[in-house]
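These numbers were taken from a predicted model, which means no experiment stands behind them. Reminder, nothing fancy here: chain letters follow the sequence lines and each chain counts from 1.
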Number of protein chains: 2
Amino acid sequence: MKYIEKLRNSGLRPTKQRLQICEVLFNRDKTFHFTINELEQRIKKHTDNKISLATIYNTIHAFEKKGYLKQIPINSNQTYFDTNVTDHHHFYDLKDEKLIDLEKSDVGPINILRKIDGKKIKSVEVLVKLED
Amino acid sequence: MKYIEKLRNSGLRPTKQRLQICEVLFNRDKTFHFTINELEQRIKKHTDNKISLATIYNTIHAFEKKGYLKQIPINSNQTYFDTNVTDHHHFYDLKDEKLIDLEKSDVGPINILRKIDGKKIKSVEVLVKLED
DNA sequence: CACTTTTTTAGAATCATTATAAACTGCAAA
DNA sequence: TTTGCAGTTTATAATGATTCTAAAAAAGTG
Ligand SMILES: [Mn+2]
Ligand SMILES: [Mn+2]
Ligand SMILES: [Zn+2]
Ligand SMILES: [Zn+2]
């Protein structure tokens, strides 16, 4: 399958579990946002054999470290992940607790004028909270 | 004292505990960022009689609801609060796990061009992650 | 196949946060 | 000033997302 290479190239053994999680995460047209809980449900539907929760956590963290996923900073009791690892911003619908991608062109360039000695900017993220 | 009015006006009884927490939070020159844990330590140092952790949580949530504090969206295992409730942005030092305020002028105006039907923008926050 | 290393897994542990329910307190009406 | 009560505090238990553990299984290597 097409994810075996991807995993091997990043030094991760292409196990049955990881390949199934790849299918759920990456074999789709659009990127999406998810919590571990939501992912667990999707995996249950998608595949017959069960993957333990510990493995889901392990895999997500491995994928995040490799840059295949990123965490989105939101105040929620659960951590949100994003399969869109490009530089982009978010709407957060406070009522539905749903994230929506904003393209860079939806926000325009952001220029951070202040510098901190000895530190480099790693990322610049905008979170736009929405209410009714 | 000066916080009795403030509390009364927002429908909160000015109890000894709330007044002491007000002192720790608001009786200072500069605003600051904190976790509940860090606040607990400050309270211990500042005052003789102990305030239960439950009361600290209760009070912080009450103050947040009244708009005297706000939560900052960060991916941490603890929730961060801010005594600076004006519209502003943040640096987040990934190594030290410390927040630094950015003035609006440090970032410049942000124009959200995309609209979502039936939703209003409640806030626009920029998080700039810093690494060494 | 024989061997090493990585991965999976069930279950336990952790720990920030929230819930509970009994005691206490601020406050206003009597 | 007393009384009554809603609001508040508190110790403690419960919750729940996440991480840890250590043993079993699977993958890679030759
Ligand atoms: Mn959080
Ligand atoms: Mn978080
Ligand atoms: Zn996204
Ligand atoms: Zn701040």
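Between B/H61 and the phosphate of C/dT18, there is a side-chain N or O to OP1/OP2 separation shorter than 4.0 Å. Side-chain N/O atoms of B/K16 include none lying less than 4.0 angstrom from OP1 or OP2 on D/dT9. Between A/Q17 and the phosphate of C/dT9, there is a side-chain N or O to OP1/OP2 separation shorter than 4.0 Å. Contact annotation: B/T35 does not reach the phosphate of C/dA16 (side-chain N/O to OP1 or OP2, under 4.0 Å). Within the 4.0 Å cut-off from OP1 or OP2 of D/dT19, not a single side-chain nitrogen or oxygen of A/Y57 is found. Distances shorter than 4.0 Å separate some side-chain N or O of A/R8 from OP1 or OP2 on D/dG28. In this structure, B/T79 reaches the C/dT17 phosphate: one of its side-chain N or O atoms is under 4.0 Å from OP1 or OP2.
With distances taken from any side-chain atom of A/A54 to the nucleotides C/dT7, D/dT8, C/dA10, the minimum falls on C/dA10.
If you measure from atom CG of B/L53 to atom P of D/dT9, you get 13 Å, rounded to the nearest angstrom. Rounding to whole angstrom units, CZ of residue A/R18 and P of C/dT7 are separated by 4 Å. The nearest whole Å value for the distance from the CD atom in B/Q78 to the P atom in C/dC15 is 11 Å. As a whole-Å value, the separation of A/L39 CG from D/dA17 P is 14 Å. Between the CD1 atom of A/I51 and the P atom of C/dT7 there is a distance of 15 Å, rounded to whole Å. If you take CD of A/Q71 and P of D/dT18, they are 9 Å apart, rounded to a whole angstrom. At whole-Å resolution of the value, CD1 in B/I56 and C1' in D/dT12 are 16 Å apart. The nearest whole Å value for the distance from the CG atom in B/L7 to the C1' atom in D/dG7 is 13 Å.
Annotation for A/K115: atom NZ counts as buried by contact number, over 12 foreign heavy atoms lying within 6.0 Å.
Among the protein residues, B/T55 comes within range of the nucleic acid bases, having at least one heavy atom under 4.0 Å from a base atom.
In terms of position along DNA chain D, the nucleotide closest to A/N37 lies nearer the 5' end than the nucleotide closest to the other residue of the pair A/N58 and A/N37. Mapping B/Y80 and A/G11 onto DNA chain C via the closest heavy atom, the residue that lands nearer the 5' end is A/G11.
One N or O donor and one acceptor, one from the side chain of A/R13 and one from the base of C/dT5, sit under 3.5 Å apart.
Closest of all the heavy-atom pairs between B/I51 and B/Q17 is CD1-O, 3.8 Å.
In this structure, B/E38 contributes its side chain and B/T35 its backbone to a donor-acceptor pair below 3.5 Å.
Side-chain contact of B/Y68 with B/T83: a donor-acceptor pair under 3.5 Å is absent, judged by distance alone.
Taking the centre and axis of the six-membered ring of B/F32, the NZ or CZ atom of B/R42 falls inside the cone set by 45° and 6.0 Å.
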